[in-house]
Amino acid sequence: PMQGASYGSALWLQEGRVAVGAPGFATRAGTVALYEWTEDRWQARGRLSAFATDRGDQFGASLAYHDDRLLVGAPGSGGRNGTGAVFAFSLSDNMSTGMAARATRALPAPALQTRSQFGGALASAGTALIVGAPGLDNRAGAGFIHDGTDWTGPLVNETFGYDSMAGDMIECSEGQA
């Protein structure tokens, strides 16, 4: 095993298929290992990578299955000033061949500020997909919901009882903010 690969950071299991994220692989470019259950054991079926992974992309940091596709988050995608990305893979072809495959497409992301870490978390239920962007708004973070047609978000950190403070003026008195 490669030191620092963070193998197992994200996991997905469905009907005898497993995907294991390793966002630290190859100087944090990242990869996803695929396995399939054969009669008596798990058999390696290859690795996934994005169109072009670069150092720091963290491809494989999150995984979800949505709309017949395996989705893979790469919150560091785009380099130092990037916003992150989510890539979609068709598994019906990839798992049977055992070959490493390329992404079928990247999900169109909403307009985001740099270092948003879009794709840092993924979850799916029915036709809805939610994508975490923990770096958004000076790391206050947000979640973006896709309803199958368009983005309907964001969900922001107001669930914790406070509005986002990035760039807001705050008042200090008696040594407390």
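For this chain, numbers begin at 1 and follow the sequence in order. Since the model is a prediction, treat every value here as computed from it, not as a measurement.
No side-chain heavy atom of Val32 sits less than 4.5 Å from a side-chain heavy atom of Phe89. No side-chain heavy atom of Pro134 sits under 4.5 Å from any side-chain heavy atom of Arg139. Put simply, the side chain of Leu70 reaches to within 4.5 Å of the side chain of Leu48, judged on heavy atoms. Phe144 has its side chain within reach of Leu136: a pair of non-hydrogen atoms, C-beta onward, lies under 4.5 Å apart. Two residues are said to be in side-chain contact when any heavy atoms from C-beta on lie closer than 4.5 Å; Leu107 and Leu129 meet this criterion.
Gln14 and Tyr65 make their closest contact through OE1-CD2, 3.3 Å (heavy atoms, listed as atom of the first residue, atom of the second, distance). Among all heavy-atom pairs drawn from Ser62 and Ala121, the shortest one is CB-CA, 3.8 Å. Nearest approach of Asp54 to Asp57, heavy atoms of both residues: N-OD2, 2.8 Å. Counting all heavy atoms, side chain and backbone alike, Gln58 lies closest to Gly76 at OE1-N, 4.1 Å. The shortest heavy-atom contact between Leu71 and His66 is CD1-CB, 3.6 Å. Summarising the geometry of Ser6 relative to Ser9, their closest heavy-atom pair is O-OG, 2.6 Å, with the distance given to 0.1 Å.
In this structure a side-chain-to-backbone donor-acceptor pair under 3.5 Å is missing from Ser77 to Ala74.
Note that CZ of Arg17 is 10.5 Å distant from CH2 of Trp42, once rounded to the nearest 0.5 Å. Within the model, atoms CD of Gln117 and OG1 of Thr83 stand 10.5 Å from one another, a figure rounded to the nearest 0.5 Å. Here the CG-CG distance, from Leu13 to Leu63, works out to 11.5 Å after rounding to the nearest 0.5 Å.
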